[in-house]
Amino acid sequence: MSAPVTTAAVTAPGTAVPAVSLTPLFVRLKLSLLKNGLKGSSKRKAAWFGTLALALVVGFFVTLGLALLHGNAHAGTVVVILAAILALAWSFMPLFFPSGDETLDPSRLVMLPLRPRPLVRALLASSLVGIGPLFTLCLAVGSVVAVARGAAGAVCAVVAVPLLLLGCVTLARAVATANVRLLSSRKGRDLALLSGLLIAIGAQMANFAAQRLGQPGGLAHLEPAEAVIRWLPPATAVGMVDSASRGDYAVAGAQLVITLAALAGLMWFWERSLTRLMVTPDGSTLAAAAPREDRDAGAGVWGLLPGGRTGAAMQRTLRYVLRDPKTKSAWVTALAMGLIVPVFNALQGTGSLYLACFGTGMLGIQMYNQFGQDTSAFWMVAQTLTTPRDVFVEMRARAAALALVTVPYTVLVTSVTAGLVGNWTYFPAALGLALALLGAMLCTGALASARFPYSIPTDGAFKNVAPGQGGLAWMGIFGGMFASAVICAPVIALTVYFATSPEQRSLAWLVLPLGIAWATLAAWTGLRLAAPMAFRRLPEILTAVSKG
């Protein structure tokens, strides 16, 4: 990207510098980046060509499926909503996967003598090179084929395809440029790790929508939403084709104007963000130390924890949740999914009060591999573990930190689920069973942490197990979950007995105190058994957790 500067540097004084068009230059640079990125790595080549083949195959079949909707009464509803989902994906994907395209960071160009407007055109042209734009083009073609009818519809279809593609790409670029400081910061990396949460929530929402659409007249449920979305750009481009095909030329004209105005507004916003980025210093380079009283503002919260090793270990564990990207991602995903699954099932009419145990189980999994979450820094903790008693206190504190969040969370999820399904009679039984499950997972999690520790790599957003240790992770987690179910068997049997015996319904509340006592006993027993084992295996644990 330094070609214009180099040309100017070698030109003799008094000689006119030849004008260099940025657009073809940036397109060639993008192609060079793609080409050079595939050199020297067979795995990278296989991944890129595999992704390209998958995008082409999926794009072909999706385009074919959309084309087969031609003439269907609900074709317009489907393609307009699809265009909106496509635009939404383009707007958020750069935030969650910023490392997928190096050209998303225009701050690398701040030292070059480039004007914003030509730079915007060049970046837009280079952004159209890639697998994502190709897949989007396939969907855009299939969408307009599904609704285009007559000469007016065909003309509008020819215009709508590039408008939809340009709208999606421009939206992605404008959002990425406005948040480029975030993308290159620690918070941006945290945001990328939380992409799994978005995917999980999206999967549940897609499942919910699919079940609703599978009912008689399912597509008709989407028509009110489609009536609004067809006026939101860039979905207005597809809506324009549908309107022109139905003879609503005034509506189609209005949608065309909205599409063009939105595209122009996005270009303007992108140019303004780019200008501000090129002339504003990065805040991370400014010496602005926060006042001491601001840095110590949270000391009062940690002061509520007990003193000694217990409080220090609890604070360390909770700080991992707040600061370590991978730990934060795992916790937030568990918290969200633990609430989404019972709530969505209850809203669909297929819910059960006992699905609240799912949330407890999601958080209980965080107890497994307690030493691995420290990574190679565990050796600093290990220096202070001189007796089995020290190990017991350390593991007890980590379990207490997990319970400090999980117990109120379990009460919340169980209460919400009971309210949605309208079953408060068995609320104490469900809560007691969930707490017993938590105690059992604290027990098996402590044992798995001592017997099957593994390293969590610090690099790679989605690498949660070091190479060669996958078997340890599977044995620890799934073996522990099976053992937890066995430990909870008496509480489960009692809960089933009360649930299937209407004459004993009034005694269902007994499961709650029994579950609390069972959870306490199971957790204490597991920690007592795991502490001496972990003390004997400290050298092996250190080796295992330091491999990443």
Side-chain angles (χ1 to χ4, degrees), residues 1 21-23 25-27 29-30 80 83-130 132-133 136-137 140 159-185 187-188 191-192 195 198 228-240 254-284:
M1 296 183 179
S21 178
L22 287 182
T23 301
L25 175 63
F26 270 60
V27 172
L29 287 174
K30 180 64 176 288
V80 167
I85 295 174
L86 194 62
L88 188 65
W90 269 94
S91 63
F92 283 102
M93 290 296 279
L95 296 180
F96 290 107
F97 299 99
S99 60
D101 185 357
E102 298 90 342
T103 64
L104 283 174
D105 186 2
S107 62
R108 301 182 181 186
L109 309 173
V110 294
M111 300 302 294
L112 299 180
L114 303 174
R115 294 184 179 276
R117 186 161 298 176
L119 184 58
V120 164
R121 291 195 297 265
L123 288 174
L124 179 59
S126 65
S127 299
L128 296 175
V129 178
T136 303
L137 180 62
V159 177
V161 170
L163 285 179
L164 178 59
L165 179 60
L166 288 174
C168 290
V169 175
T170 306
L171 180 61
R173 279 290 184 175
V175 172
T177 302
N179 295 277
V180 68
R181 300 298 190 197
L182 173 65
L183 298 182
S184 58
S185 67
K187 290 183 178 180
L191 187 61
S195 58
L198 182 67
V228 177
I229 292 175
R230 67 168 47 242
W231 291 101
L232 300 177
T236 46
V238 179
M240 171 189 65
Q255 290 170 328
L256 175 61
V257 171
I258 292 174
T259 305
L260 293 174
L263 183 59
L266 280 174
M267 297 283 286
W268 176 83
F269 175 75
W270 183 9
E271 183 181 344
R272 288 291 300 271
S273 299
L274 193 60
T275 303
R276 184 166 58 252
L277 176 69
M278 306 281 272
V279 301
T280 304
D282 187 355
S284 63

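- Screening R115, R117, R121 against E271 for a salt bridge (charged side-chain N to carboxylate O under 4.0 Å, His left out) leaves a single residue, R117.
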- Query: Between W90 and V175, is a side-chain contact (heavy atoms from CB on, under 4.5 Å) present by the stated rule, with each step listed?
  - Reply: CA-CA 9 Å; W90 269 94; V175 172; over 6 Å; no
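- Expressed to the nearest 0.5 Å, how far CH2 of W270 lies from CG of L124 amounts to 5.0 Å.
- The shortest heavy-atom contact between K30 and S127 is NZ-CA, 4.4 Å.
- How far CG of L263 is from CD1 of I258: 13.5 Å, rounded to the nearest 0.5 Å.
- In terms of heavy-atom proximity, T23 sits nearest to A125 at CG2-CB, 3.5 Å.
- The two residues T236 and R230 make their nearest non-hydrogen contact at CG2-O, 3.1 Å.
- The structure places CH2 of W231 at 9.5 Å from OG1 of T259, a figure rounded to the nearest 0.5 Å.
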Which side-chain N or O atoms in residues 161-172 pair as donor and acceptor under 3.5 Å with protein atoms at least two apart or in another chain?
from, atom 1, to, atom 2, distance (Å)
T170, OG1, L166, O, 2.6

- Message: Run M267 and V120 through side-chain contact (heavy atoms from CB on, under 4.5 Å) and show every step you take.
- Response: CA-CA 8 Å; M267 297 283 286; V120 164; 3.8 Å; yes
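- When all heavy atoms are compared, the tightest approach of A235 to A84 is CB-N, 4.1 Å.
- Atom CG of residue L232 and atom CG of residue L88 lie 11.5 Å apart, to the nearest 0.5 angstrom.
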